[in-house]
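Note sheet for the following structure.
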Amino acid sequence: MRTIAVIGAGQMGTGIAQTVAAHGMQVMLSDIDLATANGGKAKIETSVTKLVGRGKIEADQAEALLSRITPVGDYAPMEAADLIIEAATEREEIKNTIFERAGKVLGPDAIMASNTSSIPITRMANHSPDPERFIGLHFFNPVPVMGLIEVIPGLATASQTTDRVTGFAEGLGKQVVLSQDEPGFVVNRILLPMINEAVFVLGQSTAGIEDIDKGCRLGLNHPMGPLQLADFVGLDTCLDIIKVLYKTTRDSKYRPAPLLVKYVEAGWLGRKSGRGFYDYSGDAPVPTR
Ligand code: CAA
């Protein structure tokens, strides 16, 4: 694959664009408008500049990487893409609208993929022009660093599509886990109940934020505690995923923790809003409870 389109220039979309461009492919990056797509490229520039500063990559490599990323204001240029990856907000109606609109320009051999964290692929495939060429391609945050991509074929996905997308993922230096199209796939089905339970533990005052995170860091050897990780992923995204698990399975074990709902209602979404379980306004994060 030579040209990849990424729809959504947020945390995941920019991480995907950076990684793809770092592996020599051309990237079109889009969002609701050109200004937002340009903003996404600016975030990638900041991230890549840090890598140069830390001696991880050379300045000319960074320049070449950035030159391969073109922000676009509409979907028309994506007719040249071999693969369109949707990485928009985790809301099914938003994603479906993207598949319908971008589907109009999808090339005859091109593949359309969703970076959804939990929404059924088989269901969304019906909004794309060809369910045989539609698949789930789930990246992990921070995309340039994390070694895993989940590949999720829907019921109608052709095996050739799965093979091509697996080859693409491996070409990015990632390892692939193939998952059936079940709610939360493999990793989020395990991760989100853990994060949600950590919020119940906090809500019941069993321990404070720092001790819950410390417990999991030191007791389980996780690089981040569950509340720190929730802030990192985004509390709105965590809530969206646990809601999908709850709605699709109707199993009460996935009911969202009331405190998680409250934080999202307050606009305390984690790192991206400057406050979640931690306050990020100073030099170092400070627990808020
Ligand atoms: N581009 C390229 N490299 C980057 C980077 C970027 N944007 N950001 C960081 N790195 C590199 C650094 O250069 C550094 O490389 P070296 O080890 O070679 O020096 C390495 O990544 C680690 O970075 P830092 O030293 O800055 O930070 P750290 O050691 O504290 O690690 C972390 C940060 C990798 C995020 C670590 O805390 C971690 O692994 N946390 C858990 C992350 C996780 O669980 N992610 C999954 C979330 S769930 C998800 O994404 C799925 C979903 O659907 C919700």
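Counting starts at 1 for both ligands and their atoms, following the listed order. Since this is a predicted model, take the numbers as computed values, not measurements.
Under a 4.0 Å criterion applied to the non-hydrogen atoms of Pro144, ligand 1 contributes the atoms 1 (N), 2 (C), 6 (C), 7 (N). The ligand atoms of ligand 1 that sit less than 4.0 angstrom from a heavy atom of Asn188 are 51 (C), 52 (C), 53 (O), 54 (C). The distance from ligand 1 to the heavy atoms of Leu191 drops below 4.0 Å at these ligand atoms: 48 (S). Every atom of ligand 1 with a heavy atom of Ser117 under 4.0 Å away is listed here by number and element: 53 (O). Those atoms of ligand 1 with a heavy atom of Val233 less than 4.0 angstrom away are 47 (C), 48 (S), 54 (C). Per-residue contacts place Lys56 under 4.0 angstrom from the following atoms of ligand 1 (heavy atoms of the residue considered): 13 (O), 15 (O), 16 (P), 18 (O), 19 (O). Taking every non-hydrogen atom of Ser47 and a distance limit under 4.0 Å, the qualifying atoms of ligand 1 come out as 6 (C), 7 (N). Listed by atom number, the atoms of ligand 1 under 4.0 Å from Leu229 heavy atoms are 43 (C), 44 (O), 47 (C).
Atom 20 (C) of ligand 1 lies below 4.0 Å from none of the non-hydrogen atoms of the protein. Counting only heavy atoms, the protein never gets under 4.0 Å from atom 32 (C) of ligand 1. Protein heavy atoms are absent from the 4.0 Å sphere centred on atom 28 (P) of ligand 1. For atom 54 (C) of ligand 1, the nearest protein heavy atom is under 4.0 Å away. There is no protein heavy atom less than 4.0 angstrom from atom 17 (O) of ligand 1.
At a 4.0 Å cut-off, at least one heavy atom of Gln18 sits close enough to ligand 1 to count as contact. Taking a 4.0 Å cut-off on heavy atoms, His138 registers as neighbouring ligand 1. The shortest separation from a heavy atom of Val145 to ligand 1 is under 4.0 Å, placing the residue in contact.
Inspection of the Thr36 and Asp33 side chains reveals an N or O donor paired with an N or O acceptor under 3.5 Å. In this model, a donor atom of one side chain and an acceptor atom of the other lie less than 3.5 Å apart for Arg189 and Tyr254. Side chain to side chain, Gln26 and Thr3 fail the donor-acceptor criterion of an N or O pair below 3.5 Å. Looking at Asn196 and Tyr246, their side chains never bring a donor and an acceptor atom within 3.5 Å of each other. The closest side-chain donor-acceptor pair between Asp279 and Thr288, if any, does not fall under 3.5 angstrom.
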> Which is it for Asp231 and Arg275 under the salt bridge (charged side-chain N to carboxylate O under 4.0 Å, His left out) test, yes or no, and what are the steps along the way?
Replying inline: CA-CA 8 Å; Asp231 273 4; Arg275 183 188 169 131; over 6 Å; no
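Salt bridge Asp82/Arg2: absent, no basic N to carboxylate O contact under 4.0 Å.
Taking atom 49 (C) of ligand 1 as the reference point, the nearest protein heavy-atom neighbour is Phe140 CD2, 3.5 Å. Summary of contacts: the protein heavy atom closest to atom 39 (O) of ligand 1 is Pro223 CG, 3.8 Å. In terms of protein heavy atoms, atom 46 (C) of ligand 1 is closest to Asn141 O, 3.4 Å.
Contact of the Lys174 side chain with the Thr19 side chain is registered, since non-hydrogen atoms from C-beta on lie closer than 4.5 Å. In this structure, the side chains of Gln18 and Leu51 come closer than 4.5 Å at one or more pairs of heavy atoms.
Contacts of Arg54 with ligand 1, taken as heavy-atom pairs under 4.0 Å, involve the side chain alone. By the criterion of a heavy-atom distance under 4.0 Å, the side chain of Leu51, and not its backbone, is placed next to ligand 1.
Under the side-chain contact (heavy atoms from CB on, under 4.5 Å) criterion, Val233 pairs with Leu229, Thr237, Cys238, sequence neighbours left out.
Applying the salt bridge (Lys or Arg N to Asp or Glu O under 4.0 Å) test to pairs two or more places apart or on separate chains, those with a residue in residues 115-132 are Glu92-Arg123, Asp130-Arg133.
Evaluated for a ring-ring contact (aromatic ring centres under 6.0 Å, His included) with Phe277, the options Trp268, Phe232, Tyr263 yield exactly one hit, Tyr263.
Shown here is Arg164, whose CZ atom has more than 12 heavy atoms of other residues, nucleotides or ligands within 6.0 Å.
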